[in-house]
Amino acid sequence: MEFRHLGRSGLKVSEISYGNWITHGSQVEEEAARQCVQAALDEGITTFDTADVYAGTKAEEVLGRALKGVRRESLEIFTKVYWPTGPGQNDRGLSRKHVTEAIHGSLRRLQTDYVDLYQAHRFDFETPLEETLKTFDDLVRQGKVLYVGVSEWSADQISQALKIADEMGFDRIVSNQPQYSMLWRVIESEIVPLSEREGVGQIVWSPIAQGVLTGKYLPGQPAPAGSRATDPTGGNFISRMLADDVLSRVQELKPIAADLGLSMAQLAVAWVLQNPNVSSAIVGASRPEQVRDNVKAAGVKLDDDVLKRIDDVLGPVVERDPGKTVSPPRRP
Ligand SMILES: NC(=O)c1ccc[n+]([C@@H]2O[C@H](COP(=O)([O-])OP(=O)(O)OC[C@H]3O[C@@H](n4cnc5c(N)ncnc54)[C@H](OP(=O)(O)O)[C@@H]3O)[C@@H](O)[C@H]2O)c1
């Protein structure tokens, strides 16, 4: 495993991290979840990402049990707050009340005294930014949270938060967690240049496009048994990536991966890691073999001619519109 700094902070993270969205507490049984976490640890992954909302809070519990007994100082545990975790008006969003209550729930479920990174899962238009940032700052001072970050915030929102933190002396955001893959490059035009200037690192999600970039989904054919596309929850999220023109072009990446002696998943993960503003690529897995496959992307260098071949193959199916980074206009 290779390690990178989380943005300009002193924290080091494994350049491949493990995330449990869709899988823990939902698509996969607890024993398979435990085996995936063990495979991640065996392969040198130290950074684990979850969120209170995953599987209706069950994912944090599964991860907490799977990591129990592992030396806490050798792990970086990340979680998030924003999406609803209960029926009430205040069981969601980034108000002082919800953020304070949410961190206590996450710490209890993860069985830890602190999280290394606490992330605002989306921007909350119904809470003054100062209120959220002050609350995050208080959690840092209380030692419940070591660093703060955001997820899927626009460049303008990140910029506003940094300005307020600087003016008020609050802890600064060190990371953003956006979707990023060969197919989804919406952060490149605005968020990455801002983040490079400001010392914010990207912890990128769905680097394999939820499995699509493995090439296992074939155009015009049913999804393979047991894959995310066949899962009732996962199927909704992956469907937007399953258009035939996308799947056909992904098949054409196979010779590029083969020429490099890489699996398709390794090529996809290595691709996001070529961006120096990426601190870590969060991979998901429904089976331990997938973790063992994906981690081999650590440290892989892709030459410019390989990057060009990939761009030529994917052509118009790559999404680059920075306007695709959006948070709900009202709390869900
Ligand atoms: N901040 C946010 O809003 C946000 C949103 C989404 C995700 N995330 C984070 O990012 C993490 C990763 O997201 P993701 O799970 O979508 O990432 P991903 O790595 O792009 O996709 C993971 C899925 O692809 C399939 N897969 C992975 N490796 C494979 C391999 N070697 N061969 C074949 N299939 C393989 C598996 O699904 P099947 O086996 O079921 O096909 C696996 O569960 C999440 O767990 C979460 O921590 C954050």
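Whatever order the structure lists them in is the order used to number ligands and atoms, beginning at 1. A quick note: this is a predicted structure, and the numbers were derived from the prediction, not measured. If you read the sequence from its start, that first residue is 1, and numbering goes on from there.
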Which ligand 1 atoms, with their elements, are less than 4.0 angstrom from a heavy-atom of Thr214?
-> 29 (C), 30 (C), 32 (N), 33 (C), 34 (N), 35 (C)
Residue Lys216 excluded, over 12 heavy atoms near NZ under 6.0 Å = yes
Atoms in ligand 1 flagged as close to Gly211, the criterion being non-hydrogen separation under 4.0 Å = 21 (O), 24 (O), 25 (C)
Do Glu76 and Thr47 have a side chain donor and acceptor closer than 3.5 Å?
-> yes
Select the closest option to atom 9 (C) of ligand 1 among Tyr82, Tyr217, Trp205, judged by heavy-atom distance.
-> Trp205
Please confirm whether Lys80 comes within less than 3.5 Å of ligand 1 when only nitrogen or oxygen atoms on both sides are compared.
-> no
So Asp49 and Ser17, side chain to side chain donor-acceptor pair (under 3.5 Å) or not? Walk me through it.
-> CA-CA 7 Å; Asp49 182 75; Ser17 42; over 6 Å; no
Would you check, one step at a time, whether the test side-chain contact (heavy atoms from CB on, under 4.5 Å) holds for Leu110 with Arg65?
-> CA-CA 7 Å; Leu110 287 163; Arg65 285 193 288 273; over 6 Å; no
The one among Glu289, Gln210, Glu152 that brings a heavy atom closest to atom 21 (O) of ligand 1 = Gln210
For atom 47 (O) of ligand 1, grab the closest protein heavy atom and report residue, atom and distance to one decimal in Å.
-> Asp49 OD2, 2.6 Å
What class does the angle between the rings of Trp21 and Tyr54 fall in, given that below 30° is parallel, 30 to 60° is tilted and above 60° is perpendicular?
-> tilted
So which of Ala281, Ser263, Ser206 gets nearest to atom 14 (P) of ligand 1, if we judge by its closest heavy atom?
-> Ser206
Asn277 side chain to Gln202 side chain, donor-acceptor N/O pair below 3.5 angstrom | yes
Which part of Ile208 is near ligand 1, with near meaning a heavy atom under 4.0 Å away: side chain, backbone, both or neither?
-> both
Considering Arg122, Gln266, Gln179, Gln177, which one's heavy-atom position lies nearest to atom 3 (O) of ligand 1?
-> Arg122
Answer with yes or no whether the side chains of Gln27 and Thr233 bring together a donor and an acceptor at under 3.5 Å.
-> no
Ligand 1 contacted by Met264 (non-hydrogen, < 4.0 Å) | no
Check whether any side-chain N or O of Asn176 sits under 3.5 Å from a backbone N or O of Gly149 as a donor-acceptor pair, and report yes or no.
-> no
Give a yes or no on whether Lys296 atom NZ has more than 12 heavy-atom contacts from other residues, nucleotides or ligands under 6.0 Å away.
-> yes
Is there any N or O on Gln290 that sits under 3.5 Å from an N or O of ligand 1?
-> yes
Residues Thr57 and Asp52: side-chain donor-acceptor under 3.5 angstrom = no
Ligand 1 and Ser227, any nitrogen or oxygen pair closer than 3.5 angstrom?
-> no
Contact atoms of ligand 1, heavy-atom distance to Asp293 under 4.0 Å = 31 (N)
Single-linkage hydrophobic cluster, 4.5 Å side-chain cutoff, Leu11 and Val204 together = no
Is it true that His24 and Phe48 have ring centroids separated by less than 6.0 Å?
-> no
Ranked by distance from atom 41 (O) of ligand 1, the top protein heavy atom is Lys216 NZ, 2.6 Å
When you measure from atom 27 (C) of ligand 1 to each heavy atom in Gly215, Ala265, Gly284, which option holds the nearest one?
-> Gly284
Is it true that atom NZ of Lys163 has more than 12 heavy atoms of other residues, nucleotides or ligands lying nearer than 6.0 Å?
-> no
What's the shortest distance from atom 23 (C) of ligand 1 to any protein heavy atom, and which residue and atom give it?
-> Arg228 NH2, 3.6 Å
Could you tell me whether Asn20 approaches ligand 1 through its side chain, its backbone, both or neither, with non-hydrogen atoms closer than 4.0 Å?
-> backbone
What is the nearest protein non-hydrogen atom to atom 44 (C) of ligand 1, stated with its residue, atom name and distance?
-> Trp21 CB, 3.4 Å
Distance-only side-chain donor-acceptor flag, Thr132 / Thr127, under 3.5 Å = no
Check each atom of ligand 1 against the heavy atoms of Ala209 and keep those under 4.0 Å away; list them by number with element.
-> 20 (O)
Counting heavy atoms only, which of Ser286, Gly19, Pro178 is nearest atom 39 (O) of ligand 1?
-> Ser286
If you measure every N/O of Gln27 against every N/O of ligand 1, is any gap under 3.5 Å?
-> yes
Taking the minimum heavy-atom distance to atom 1 (N) of ligand 1, which of Cys36, Ala297, Ala268, Ser151 ranks first?
-> Ser151
Please state whether Phe78 comes within less than 4.0 angstrom of ligand 1, counting heavy atoms only.
-> no
Which segment of Ile282 sits under 4.0 Å of ligand 1 when only heavy atoms are counted | both
So, Asp124 and Arg330, do they make that salt bridge, N to O below 4.0 Å?
-> no
If you measure from each non-hydrogen atom of Ala285 to ligand 1, which part falls under 4.0 Å: side chain, backbone, both or neither?
-> backbone
Taking only heavy atoms of His121, which atoms of ligand 1 are found under 4.0 Å from at least one of them?
-> 1 (N), 2 (C), 3 (O)
Would you tell me whether Thr50 and Asn20 have side-chain atoms, one donor and one acceptor, within less than 3.5 Å of each other?
-> yes
Heteroatom proximity flag, Val283 to ligand 1, N/O under 3.5 Å = no
Residue, atom and distance of the protein heavy atom nearest atom 28 (N) of ligand 1 read Asn294 ND2, 3.0 Å
